[in-house]
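Position 1 is the first residue of the sequence; numbering continues from there.
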Amino acid sequence: MIQDFKIKPSSTTTIICSLACVFYLTCAVDALSGCFKLDFLLRRARSTCVVAYVTDDCQISEQTIGYISFQNLRNLSLNHELGVLVGFVDIKDSWPDKTMLTATNGTVKNGDVLLFEKVQKDYIDLEATIPESLDPDVLGNTQTLEDLIELVNRGCNTYFTATGSLSRQGLHREEILGSMFHVKNISNVQSKDAFLQKCFQDDQFCYADGKSQTRANIPKLPECEKIDLPSKTDFFNNYLKKSKPVIFKNVLQNWPAFTKWSNEYLREKYGQKIVKFQLTPHGEFERIEHRNEWGNQNQIKLPKFLTDKMPFPDLVMARPAAKVGNLSFFLDILEGVSNGSISNLSVYFEYASIPEFLPELEEDIREDTLLGDISKRDQLNIWLGDGQTVGKMHFDGSDNFLCQMRGKKQVILIDPHSNHQLYEGHIQEATMSYNFSSHSFERQHLLDETVYVWTPFDISNPDYSRFPLFGETYPMNCTVEEGEVLFIPSFWWHEVKSFPNVTEGRNLAINFWYEPFFERNYPCPECQLDINPTYRDML
């Protein structure tokens, strides 16, 4: 796979060793190794980033300043663990799919330095195939080793210096990853002690993990800190870079939205706006069910090569029924549920994009009073329901600011450091439908799609015989009250139970999703958090 090549001096050029030939660079015409066949490079790129110098027949005809910088980088890689494979490629070589070298940002020519990013496994698409060719970035004509290292570090998300040591940013990254918040460091209460598997009819005695106990003896979960809104520096150092949830007190009372957004105001201003809302029979807006409970189970069958990749193919994630109508229609149903004139039904206008559905409402929001300018905002959503809803245990891939306007939300969180204990993986999706004439829900829409951010069990009634590892997790309680804001770091597992404002009979919140400070691949139980490259300049 690896071929030797020789430097071929031009007839008019005499190669002279100079001070530029550092890091053991030999200027004599010696045989050198490290010319990669593209099929070899393709395999290695599945596990590491690759930087390659383009040659003609694996020979160097002229030593440019750019070549000397590259050769210095290659020698550095041979003496230090940089996290980057450095070598040469032949411009005449072809990929396994018979295509030639091309680049994402220009044509490839002899003497170019190419960067091949590590090929990330696609965990979301179960039908994804391994690519048979790659399109690298051309790094350009770098004049110094330091310039080349800067480009490689950014392209490969590495942190090394010209001496092979970690950069200041790399040291900061290691310090951050080593000091992230873990619930088990502040609590010895595990899920098997807090979430009981079954309760008797009188709701007095319960058992979990083979132990009987009364509800009065269930241990109290640790709670989120509640603090005044911190400075941006304090938030970054004490919460964002520690991946630590926190509640900010007394933030929303001065927002126009806090006093203006009554049902009457929303009906008057936006009642004819077309919106999409969700309905469920018992307030559970996601629910794990057995596949055989769905009427079209024989018509919708996933291929075996897909179900073989699903840890629990007998389970489905039941999603709520959806209805499109104007906002006044939704508010009529919500108020009917709240006053008891409509029964066996719960409604929710959930994670609905304010810019998409009700853009005028953004004028009543004071995002600048939060800390979002540290990050780039991805979404702004409204959550309006009857206050009897439960969003089952799941994670979001964004940093989340949950702003509670009316009612309260009890948010049970589990940190994202042991995802195998939550049994992360693909689950087949199903969607309920609601018949407004018969006032009944139907289970006829099993889908040929999967979801992958929910647990395959119900934490309010966990089956520890099938999911024993969940019992070893350490939960915490972050109940957010009216006027407060809960920061949920990316990838923290959370279940959200809403309670209504007693007077208004509703629960109202908005949330901001921001570009995450920490990221990882998913669904991937073994994948750990790392700092999002977007934020490397903050390190």
Is the shortest distance from a Lys or Arg side-chain nitrogen in E293 or R287 to a carboxylate oxygen in the other one below 4.0 Å?
-> no
Mind checking whether F467 and Y423 have parallel, tilted or perpendicular rings, split at 30° and 60°?
-> perpendicular
Is a side-chain donor or acceptor of E482 paired with a backbone partner of G407 at a separation under 3.5 angstrom?
-> yes
Per ring pair (Phe, Tyr, Trp, His ring centres under 6.0 Å), F401 is matched among F487, F512, Y239 by F487
What is the ring orientation for F195 with F470, classed by angle as parallel under 30°, tilted 30 to 60°, or perpendicular over 60°?
-> parallel
Between L315 and F457, is a side-chain contact (heavy atoms from CB on, under 4.5 Å) present by the stated rule, with each step listed?
-> CA-CA 9 Å; L315 302 178; F457 54 85; over 6 Å; no
Do side-chain atoms of Q428 reach the backbone of L447 as a donor and acceptor pair under 3.5 angstrom?
-> yes
Answer yes or no: is there an ion pair linking E526 with K121, defined by an N-O contact shorter than 4.0 Å?
-> no
Could you walk me through whether E225 and K242 pass the salt bridge (charged side-chain N to carboxylate O under 4.0 Å, His left out) check?
-> CA-CA 14 Å; E225 286 184 75; K242 291 183 182 294; over 6 Å; no
Decide if atom NE2 of H282 counts as having more than 12 heavy atoms of other residues, nucleotides or ligands within a radius under 6.0 Å.
-> no
Does Y159 have R536 sitting over its ring (NZ/CZ under 6.0 Å from centre, angle to axis within 45°)?
-> yes
F395 and ring pair (Phe, Tyr, Trp, His ring centres under 6.0 Å): which partner among W454, Y452, F491, W492?
-> F491
Do N381 and S353 have a side chain donor and acceptor closer than 3.5 Å?
-> no
Establish, yes or no, whether a centroid distance under 6.0 Å links the rings of W383 and Y351.
-> yes
Is the backbone of G336 close enough, under 3.5 Å, to the side chain of S341 for a donor and an acceptor to pair up by distance?
-> yes
Gap between atom CG of L370 and atom OG of S375 - 0.5 Å precision | 11.5 Å
Charged N to carboxylate O under 4.0 angstrom, K273 versus E360?
-> yes
Between the side chains of D137 and T104, does any donor sit under 3.5 Å from an acceptor?
-> yes
Does atom CD1 of I130 have more than 12 heavy-atom neighbours from other groups under 6.0 Å away?
-> no
Mark yes or no for whether S187, through its side chain, and V183, through its backbone, hold a donor-acceptor pair below 3.5 Å.
-> no
Do F235 and L229 come within less than 4.5 Å of each other through their side chains, counting heavy atoms only?
-> no
Should K269 and E363 count as an ion pair when the cut-off is N to O under 4.0 Å?
-> no
With rounding to the nearest 0.5 Å, note down the distance linking CG in L413 to CD in E223.
-> 12.0 Å
Kindly state whether the ring of Y270 and the ring of F357 have centres lying under 6.0 angstrom apart.
-> no
Determine whether the side chains of T389 and S498 contain a donor N or O and an acceptor N or O closer than 3.5 Å.
-> yes
Stepwise, does the side-chain contact (heavy atoms from CB on, under 4.5 Å) test hold for L384 with R506?
-> CA-CA 7 Å; L384 176 59; R506 64 178 187 147; 3.9 Å; yes
Would you confirm whether N344, through its side chain, and P281, through its main-chain N or O, come within 3.5 Å as a donor-acceptor pair?
-> no
Taking side chain as C-beta onward, heavy atoms only, is L266 less than 4.5 Å from F330?
-> no
Do we see a donor-acceptor contact under 3.5 Å between the side chains of R366 and N254?
-> no
Heavy atoms, side chains only, cut-off 4.5 Å: are N238 and P230 in contact?
-> no
Output the distance between atom CD (E127) and atom CG (L306), rounded to the nearest 0.5 Å.
-> 5.0 Å
Between the side chains of D396 and S398, does any donor sit under 3.5 Å from an acceptor?
-> no
Can we say K408 and E484 salt-bridge, meaning some charged N sits less than 4.0 Å from an Asp/Glu carboxylate O?
-> no
Starting at CG of D458, measure out to CD of E286 and round the result to the nearest 0.5 Å.
-> 11.0 Å
F236 six-ring centre to K232 NZ/CZ under 6.0 Å and within 45° of normal | no
CD (Q299) and CG (D448) are apart, to the nearest 0.5 Å, by 13.0 Å
If we only count heavy atoms from C-beta on, is the L302 to M310 side-chain gap below 4.5 Å?
-> yes
Over all atoms of both residues, closest heavy-atom pair of P245 and C478 | CB-SG, 4.3 Å
Give a yes-or-no answer on whether the side chains of K409 and H494 include a donor-acceptor pair shorter than 3.5 Å.
-> no
Say whether, by atom type as modelled, one donor and one acceptor occur between the side chain of Q404 and the main chain of R406 under 3.5 angstrom.
-> yes
Run the side-chain contact (heavy atoms from CB on, under 4.5 Å) check on Y535 and E515 step by step: do they pass?
-> CA-CA 10 Å; Y535 296 95; E515 176 83 18; 3.5 Å; yes
Does a donor on one side chain and an acceptor on the other come within less than 3.5 Å for W493 and E424?
-> no
Does R443 reach the main-chain N or O of T431 with its side chain, forming a donor-acceptor pair under 3.5 Å?
-> no
Does a donor on one side chain and an acceptor on the other come within less than 3.5 Å for D386 and S346?
-> yes
Under 3.5 Å donor-acceptor, D193 side chain and V189 backbone = no
Does one side chain, of S328 or N326, offer a donor that lies under 3.5 Å from an acceptor on the other?
-> no
Kindly determine whether I414 and Q421 satisfy side-chain contact (heavy atoms from CB on, under 4.5 Å), including the steps that lead there.
-> CA-CA 10 Å; I414 297 176; Q421 295 178 323; over 6 Å; no
Short side-chain donor-acceptor distance under 3.5 Å, E117 and N157 = no
Just wondering, more than 12 heavy atoms not from K184 lying within 6.0 Å of its NZ?
-> no
Would the number of heavy atoms belonging to other residues, nucleotides or ligands and lying under 6.0 Å from NZ of K276 be above 12?
-> no
Within the side chain of N419, is there an N or O that forms a donor-acceptor pair under 3.5 Å with the backbone of P416?
-> yes
Do S490 and Y514 have side-chain atoms, one donor and one acceptor, less than 3.5 Å apart?
-> no
Test side-chain contact (heavy atoms from CB on, under 4.5 Å) applied to E495 - qualifying residues, sequence neighbours left out | V390, K392, M393, I459
Checking K323 against F329: charged group under 6.0 Å from the ring centre and within 45 degrees of the axis?
-> no
Heavy-atom check, side chain of Y434 versus side chain of H439, under 4.5 Å = yes
Would you say the side-chain atoms of H417 pair up with the backbone N or O of F181, donor to acceptor, closer than 3.5 Å?
-> yes
Residues in side-chain contact (heavy atoms from CB on, under 4.5 Å) contact with E442, at least two apart in sequence or another chain = S433, N435, Q444
Is any side-chain heavy atom of V337 less than 4.5 Å from a side-chain heavy atom of Q388?
-> yes
Rounded distance [0.5 Å steps], CD in Q410 versus CD in E481 | 10.5 Å
